[in-house]
Engineer: 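My structure is below; once you've seen it, I'll send some questions.
Keep in mind that what you see is a predicted model, and the values were worked out from it rather than measured. Here is the naming used below: chain letters follow the sequence lines, and residue numbers restart at 1 for every chain.
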Number of protein chains: 2
Amino acid sequence: MLRELVAAAGERSFLALSGGLPPPEAFPVEALRAAAARVLDAGALQYAPTEGDPALLALIGAPNALVTTGSQQALDLLAKVLLDPGDVAVVESPAYVGALRALAAYEPRFVGVPVDADGMDTARLEALLVGGLRPKLCYVVANFSNPSGATLAFERRVHLAALSERYGFVVIEDDPYAALRFSGDDVPTIASCGGNVVYLGSYSKVIAPGLRVGYAIAPEWLARPLAIAKQATDLTSSSVDQRLVAELVRDTMWFDAHVARLCELYAKRAAALVGSLDDRLAASMPAGGMFVWASITVPGIDAQALTAACMAQDVAIVPGMEFAVDGGFEREVRLSFSQLRVDDLAEAGRRIGSAFDVLG
Amino acid sequence: MLRELVAAAGERSFLALSGGLPPPEAFPVEALRAAAARVLDAGALQYAPTEGDPALLALIGAPNALVTTGSQQALDLLAKVLLDPGDVAVVESPAYVGALRALAAYEPRFVGVPVDADGMDTARLEALLVGGLRPKLCYVVANFSNPSGATLAFERRVHLAALSERYGFVVIEDDPYAALRFSGDDVPTIASCGGNVVYLGSYSKVIAPGLRVGYAIAPEWLARPLAIAKQATDLTSSSVDQRLVAELVRDTMWFDAHVARLCELYAKRAAALVGSLDDRLAASMPAGGMFVWASITVPGIDAQALTAACMAQDVAIVPGMEFAVDGGFEREVRLSFSQLRVDDLAEAGRRIGSAFDVLG
């Protein structure tokens with residue numbers, strides 16, 4: 001009753017489970033201020049080399065690395081270099097919308113391969129390849145994928161790397177959430193399994209997205225074309241942002257502790273959200289990242305209806321169809337636990353329950 | 001004799017007239033440090049809206065503005081939106097190489113229109129249009145062009161704007177050097193003359209290129225496609241960089257004084273360089289910017305030979321052919337006065353004289 005009254009008075013806060021942003025309280029503001037006081041000199045204000053600031057590249061510590069204006073730019077550059085109109089781009093189904101947008105500008109034909117609890121079904125991909133599919137690239141978020149939350153199993157990583165070698169396509173391993181693991185053990189990267197893999201790292205989720213700093217580690221044959229495309233596209237990423245990131249990452253004691261704090265924050269939030277859902281929305285606890293992919297178990301209610309009913313309860317969720325490559329996901333929704341505090345997540349879960357109540 | 005001895009000892013410094021970078025002493029390091037202490041908060045660390053940080057957009061003060069990762073990115077986005085392979089892109093002849101690179105990724109057919117002391121010869125362009133040429137875009141650096149140093153005359157700006165309207169192409173008015181005028185009066189922008197004009201501004205030359213902040217002001221019909229392309233390409237430019245720029249630009253008293261200091265710096269350097277050249281290399285004093293476009297007057301010496309002879313004298317210059325769209329400029333060279341101090345510029349001029357001496 002109280003809640004309804006508050007809502008009527010327009011005071012009930014709107015709760016967004018729809019975004020995938022890190023929350024402001026996760027940003028290392030003080031560390032960045034201190035870093036700025038140290039690194040802002042004339043050297044930090046000149047164009048950086050196209051490949052990236054040498055100090056940051058040294059910390060990335062891989063040959064053939066290219067610093068990008070966020071991982072999003074790496075996707076754009078890879079598409080620019082690899083895709084001609086009509087070429088096949090394999091993506092997870094459901095897929096990260098931002099990647100679809102980056103690739104779509106180069107007019108590929110998207111082929112979705114289903115994702116289960118162990119990530120992309122690489123056996124299914126192999127069947128398509130055996131059947132004649134010849135993709136130019138295969139895009140996967142191997143850890144805590146957006147939107148599925150799934151992590152690609154080790155055997156599938158080995159399999160995917162081998163397929164990329166055998167069938168001559170490039171795997172784009174987009175890995176922005178890797179450090180945000182709060183249970184289980186790290187799985188070796190696809191790139192470490194051999195094959196034709198470009199690894200994309202990002203500091204957006206572990207430091208701050210307002211600094212646009214990501215990187216691509218490419219096979220040697222691809223590194224030079226990528227750097228040339230980068231130069232044509234924006235010459236170089238912000239030197240200031242790169243220096244700030246390098247200054248924070250270089251202090252490994254601080255950085256590890258910071259990441260541990262983030263993992264603790266997200267673990268609590270994930271538990272609060274999943275714990276607040278009743279069995280009308282089936283969701284399992286993710287092992288990291290920012291997303292829960294949940295299935296509606298009540299007959300006759302689809303994601304569109306649930307999303308609208310949630311909106312009426314001042315909760316934003318994203319219907320699964322938004323992540324579809326070729327239809328489907330009418331009964332799934334994506335919930336992000338990254339931006340709300342534990343109390344608000346519990347309240348969001350209650351409101352989702354109310355939305356189900358209204359839908360009957 | 002002394003100079004030769006010093007050179008033999010490897011102590012003579014190498015003098016680069018080849019770059020087009022602002023020098024470190026032009027960067028407002030202290031102002032940026034102070035700004036960083038003020039603006040680095042959680043808000044500055046989140047993704048900015050794709051169109052740009054609201055505070056910076058307010059200072060730009062134009063409708064349909066889009067903040068870009070330097071002007072280079074605006075070129076990439078415009079090409080992405082406007083060009084299909086084989087489309088005609090009109091450029092100045094000689095042309096800015098970075099623009100050619102950005103556009104070339106989209107496989108246009110370049111058509112160069114000659115530049116004289118008043119910039120692009122728009123009568124020549126009109127003749128081509130009357131003859132059936134149908135460009136998608138026309139790229140010009142209207143103030144103190146790179147490499148020609150020329151400024152497009154007002155009548156030609158009016159003419160070009162009218163042509164863009166009549167023949168349905170987009171003028172890209174790239175204007176990074178506008179504020180760096182050290183003689184004569186400002187000329188109204190092409191965009192202010194009507195027509196289909198996208199105006200590109202940049203803070204790289206007046207604040208620092210290590211902050212990657214430029215902007216595009218587009219006709220209304222083009223603003224939305226550009227923003228969508230921007231989102232697909234890098235989501236948004238650095239929030240931190242945008243806030244830093246906004247913080248400096250907002251203080252108009254400081255900013256105007258800073259720009260006045262830059263103009264004084266560049267005016268002295270331009271005078272030192274031009275004054276150091278003898279009549280074997282004809283160059284006139286530019287009215288702003290960073291470049292002198294000079295012509296070899298000695299029969300039998302071409303730009304390639306002079307460049308090589310200068311290199312032997314530890315001076316780097318750029319032969320005109322580097323800026324050619326379809327041949328030519330074998331007797332021109334580009335000299336930049338932005339990066340060297342007055343004494344070094346005088347010395348560079350003397351060494352160019354020695355290079356001519358060696359060539360006979």
Engineer: Which atom pair, heavy atoms only, marks the closest approach of B/D234 to A/Q72?
Structural biologist: CA-CG, 3.8 Å
Engineer: Grab the two heavy atoms, one from B/V240 and one from A/L244, that are nearest each other, plus how far apart they are.
Structural biologist: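 In terms of heavy atoms, the two residues are closest at CG1-CD1, 4.4 Å.
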Engineer: Given a strict heavy-atom distance threshold of 4.5 Å, which part of A/Q231 is in contact with chain B: side chain, backbone, both, or neither?
Structural biologist: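 Both backbone and side chain of A/Q231 come within 4.5 Å of chain B.
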Engineer: Where is the tightest heavy-atom contact between B/R33 and A/D41, given as atom of each residue plus distance?
Structural biologist: NH2-CB, 4.1 Å
Engineer: Please look at B/A48 and chain A and tell me whether the side chain, the backbone, both or neither of the residue comes under 4.5 angstrom of a heavy atom of that chain.
Structural biologist: neither
Engineer: Measure across B/T236 and A/R212 and return the closest heavy-atom pair with its distance rounded to 0.1 Å.
Structural biologist: O-NE, 2.9 Å
Engineer: With a 4.5 angstrom heavy-atom cut-off, could you sort out which part of A/S237 is near chain B: side chain, backbone, both or neither?
Structural biologist: backbone
Engineer: Shorter than 4.5 Å, heavy atoms on both sides: which option in B/D53, B/L45, B/L40 has the most such pairs with chain A?
Structural biologist: B/L45
Engineer: Who among B/A74, B/A232, B/S239, B/A79 has the most heavy-atom pairs with chain A under 4.5 Å?
Structural biologist: B/A232
Engineer: In this structure, are over 12 heavy atoms from other groups packed under 6.0 Å from A/R224 atom CZ?
Structural biologist: no
Engineer: Please determine, among B/L21, B/L211, B/L32, the option with the most heavy-atom pairs under 4.5 Å with chain A.
Structural biologist: B/L21
Engineer: For B/Q242, which atoms come within 4.5 Å of any heavy atom of chain A: side chain, backbone, both, or neither?
Structural biologist: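 When you check distances to chain A, no heavy atom of B/Q242 falls under 4.5 Å.
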Engineer: Let me have the donor-acceptor pairs involving side chains of residues 94-111 of chain A, under 3.5 Å, with sequence neighbours excluded, atom names and distances please.
Structural biologist:
{"from": "A/Y106", "atom 1": "OH", "to": "A/D76", "atom 2": "OD1", "distance (Å)": "2.7"}
{"from": "A/Y106", "atom 1": "OH", "to": "B/K80", "atom 2": "NZ", "distance (Å)": "3.3"}

Engineer: Return the minimal non-hydrogen interatomic distance between A/P24 and B/A42, and the atom names on each side.
Structural biologist: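 Residues A/P24 and B/A42, closest heavy atoms: CB-CB, 3.8 Å.
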Engineer: What do you reckon, is CZ of B/R341 surrounded by more than 12 foreign heavy atoms closer than 6.0 Å?
Structural biologist: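 Result for CZ/B/R341: open.
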Engineer: If we ignore hydrogens and angles and just use 3.5 Å, is the side chain of B/Q46 paired with the main-chain N or O of A/P23 as donor and acceptor?
Structural biologist: no
